[in-house]
2 protein chains.
Amino acid sequence: MSSIRDVARLAGVSHQTVSRVINEHPSVREGTRQRVLDAIAQLDYRPNVAARALVTNSLNLIGVLSATTGEFGATSSLTAIEEAARAAGYSVTTLNLPDVSADSIHAAVRQLQNERVDGLIALAPQARVSHVLAGMRADIPIVTLQTASGATAETLSADQVAGARLATEHLISLGHRDVVHLAGPQDWVEAESRMQGYLDAMLDADISPFPPVRGDWTADFGHTAGVELAHRGDMTAVFVANDVMAIGLIHGFRDMGLEVPRDVSVVSFDDIPVAAHVTPALTTVHQDFQALGRRALLLLLAEIRGETPPVLEPAHPRLIVRDSTATPHTVTQP
Amino acid sequence: MSSIRDVARLAGVSHQTVSRVINEHPSVREGTRQRVLDAIAQLDYRPNVAARALVTNSLNLIGVLSATTGEFGATSSLTAIEEAARAAGYSVTTLNLPDVSADSIHAAVRQLQNERVDGLIALAPQARVSHVLAGMRADIPIVTLQTASGATAETLSADQVAGARLATEHLISLGHRDVVHLAGPQDWVEAESRMQGYLDAMLDADISPFPPVRGDWTADFGHTAGVELAHRGDMTAVFVANDVMAIGLIHGFRDMGLEVPRDVSVVSFDDIPVAAHVTPALTTVHQDFQALGRRALLLLLAEIRGETPPVLEPAHPRLIVRDSTATPHTVTQP
DNA sequence: CAGTGGGATGTGAACGTGCACAATGGCACG
DNA sequence: CGTGCCATTGTGCACGTTCACATCCCACTG
């Protein structure tokens, strides 16, 4: 493996000049630059990141702390982060939390700091993760993709409330008044935001909201909830906090003889790839997870470089109307 | 930030002794070891990976080259790889291919080599990716998770053929003879393996197989295929190469008035989390993607260390029978 | 023509670690 | 008591890069 000095020797310059060429320093004469570039190509020289990191004290590395079990959203955001980071000259290392205990969060952050990351993006939707992180005073910049509150919250994920509102208002405008919310787990930021949007929309329409049912995002839970809600029978529509639970819910309804949207309307959140193809096709709120990831990275890079973070206008979610919602009792009314 | 010499000074030893403690060299007296450990704790000292990498010429880093668009399987494998790698003292960096052209593969591998990865796992199911990689003669160990052929192929992914066979035989044992295969894209290793399993099972049962329909893994395509196959109407069952396409296919059938499994049976592959909850619940072949990831990592680590790779017995896939399959014409026969 | 400024290039040190080798000390053995 | 061995510890250097500073040269100015 050839070093910067080998290149220098071949090009007939000093190692420092080679370094200047590599780092695109302006004051290198064009002719010299070319000779150096030729030498680099000829030797297939590649800068040693370790040596550079040793002296600049930065590996140009960002860490992604993730606490989601292969969900669609997180995966999309991660891909976007990785792509954007590499475009900015950073590489990315991922670390999956085995659980969301304070201990494992501490261990994970410590681990990433040992790996000398320049900054950290937490792809961890649980509120407690952001709380633990906020309380840690790690000496590196940290951006949480889903923030419980504070300045960055709005730029990154305020759209959640608006999206949930959109979904609920859609049901109300169809004529539903007895709308139940099947929520996500208490600890999750998105769960809270989506519930907030539900409550806002209900109260604005002067309907007293039901106490929400707490779910856990899984289709299994959705199924159980479907069976239970079918027994209760006191609602004509359900706003579900994510698509996967909605699929389970519809399954549960069907097991109990309820058809969607004939007997109950269902609207959910995420627009996962199969949402248009399950039966019935899901009316759902589409989220741009990739944009979310890119935003998080922009914020982090700004923090790393000590710049003032860019002002980002929140991305607005879209409601995609498909077949899982209808006016109440369309079939039984005529 | 304190260095190894600061620790040495505080503990009253030489930097080399500290280095020995860090690297768990046996010949350090217990008392000395404790003093050093105390000093490390007191200073919150962390070894500088860059400096270490500079002298050992290894960052303890493995790269994952991925060419999948957030699919369930790849994501699960990736998580498992990351976890196993970190347990072995390696960190992981991911690189997503924008496309599978030879150029972008070259660029990606080059990029990862510039980042000084010790080895590379390709999570790239397209046959051409493994071919390009095989032809590259990169000077680092590379393990392809889905290998087209060769020695590692069997240990890693031979189960695909067996799984497809299982699925097809299930249909045959139910009494189906007109079984169509909705396959994956021609270029994908899994697609070929699954088709092979289908063909094997059909021929073993003395049934002449249909020419397979080529899909692209997406639910959208599944839907189109469903509409088309419903028109043809010459089959009683379909073996679909993955769950997501199966969901689309069932949707397409339903649009054309065909019910699954009443009119057509469907069996697919992967057992994604919603498979049990869509309507009808999918009969499908379960794959242990995590185990696959862990195997790949074991192989890679062995290559990196120059050891002989461990002999792994192939993991056998399981058929999960749910509601999308039945005997032919159960409803119309009585 | 001398003086000055700045672009282009070179020199030497430093970053924090591991390795090779040297040095020290204690113990067993004859 | 001398010898040799081994466990334990220390010394100096090298890894490949960037940074601070020095030097050179040329063009421009008055």
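Reminder, nothing fancy here: chain letters follow the sequence lines and each chain counts from 1. These numbers come from a predicted model, not from an experiment. Every heavy atom of this structure was used, including side-chain atoms; hydrogens, water molecules and symmetry mates were not.
Residues from residues 50-60 of chain A with heavy atoms under 4.0 angstrom of DNA chain D, sorted by number: A/Ala51, A/Arg52, A/Leu54, A/Val55, A/Thr56. Within residues 15-39 of chain A, the residues approached by DNA chain D to less than 4.0 Å at the level of any non-hydrogen atom are A/His15, A/Gln16, A/Ser19, A/Asn23, in residue-number order.
Crowding of B/Glu24 atom CD: a count of heavy atoms from other residues, nucleotides or ligands under 6.0 Å not exceeding 12.
Applying the salt bridge (Lys or Arg N to Asp or Glu O under 4.0 Å) definition to pairs two or more places apart or across chains, those involving residues 94-114 of chain A are A/Arg110-B/Asp44.
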Donor-acceptor pairs under 3.5 Å, side chain of residues 116-128 of chain A to any protein atom, not counting sequence neighbours: which ones?
{"from": "A/Arg116", "atom 1": "NH1", "to": "B/Pro47", "atom 2": "O", "distance (Å)": "3.3"}
{"from": "A/Asp118", "atom 1": "OD1", "to": "A/Ser58", "atom 2": "OG", "distance (Å)": "3.0"}
{"from": "A/Asp118", "atom 1": "OD2", "to": "A/Ser58", "atom 2": "OG", "distance (Å)": "3.1"}
{"from": "A/Asp118", "atom 1": "OD2", "to": "A/Asn60", "atom 2": "N", "distance (Å)": "2.8"}
{"from": "A/Asp118", "atom 1": "OD2", "to": "A/Leu61", "atom 2": "N", "distance (Å)": "2.8"}
{"from": "A/Gln126", "atom 1": "NE2", "to": "A/Ala67", "atom 2": "O", "distance (Å)": "3.3"}
{"from": "A/Arg128", "atom 1": "NE", "to": "A/Val100", "atom 2": "O", "distance (Å)": "3.4"}

Only distances under 3.5 Å count here; give the side-chain donor-acceptor pairs of residues 33-40 of chain A to other protein atoms, sequence neighbours excluded, each with its distance to 0.1 Å.
{"from": "A/Arg33", "atom 1": "NE", "to": "A/Glu30", "atom 2": "OE1", "distance (Å)": "3.3"}
{"from": "A/Arg35", "atom 1": "NH1", "to": "A/Ala11", "atom 2": "O", "distance (Å)": "2.9"}

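Every residue meeting the ring pair (Phe, Tyr, Trp, His ring centres under 6.0 Å) condition with B/Phe289, not counting sequence neighbours, appears here in chain and number order: B/Phe72. Under the salt bridge (charged side-chain N to carboxylate O under 4.0 Å, His left out) criterion, A/Glu83 pairs with no residue, sequence neighbours left out. Partners of A/Asp6 according to the salt bridge (charged side-chain N to carboxylate O under 4.0 Å, His left out) rule, which considers only residues two or more places apart in sequence or in another chain, are A/Arg9. By the ring pair (Phe, Tyr, Trp, His ring centres under 6.0 Å) test, B/Tyr90 pairs with no residue at all, sequence neighbours left out. Contacts of B/Glu82 classified as salt bridge (charged side-chain N to carboxylate O under 4.0 Å, His left out), with partners at least two apart in sequence or in another chain: B/Arg86.
Of the possible polar contacts, one joining the A/Thr93 side chain to the B/Val92 backbone as a donor-acceptor pair under 3.5 Å is found.
Whole-Å rounding puts the A/Ile4 CD1 to C/dT11 P distance at 14 Å.
Chain B approaches DNA chain D within less than 4.0 angstrom (heavy atoms of the protein), and the contacting nucleotides run 5' to 3' from D/dT8 to D/dG16.
In this structure the side chain of A/Val21 never reaches within 4.5 angstrom of the side chain of A/Val7, judged on heavy atoms.
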(message) Quick one, A/Leu78 with B/Thr94, criterion side chain to side chain contact (heavy atoms under 4.5 Å, CB included). Give me CA distance, side-chain angles, the key distance, then yes/no.
(response) CA-CA 10 Å; A/Leu78 180 57; B/Thr94 342; 5.8 Å; no
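With axes fitted over five pairs at each extremity, the angle between the ends of the helix from C/dC1-D/dG30 to C/dG30-D/dC1 is 40° (10° resolution).
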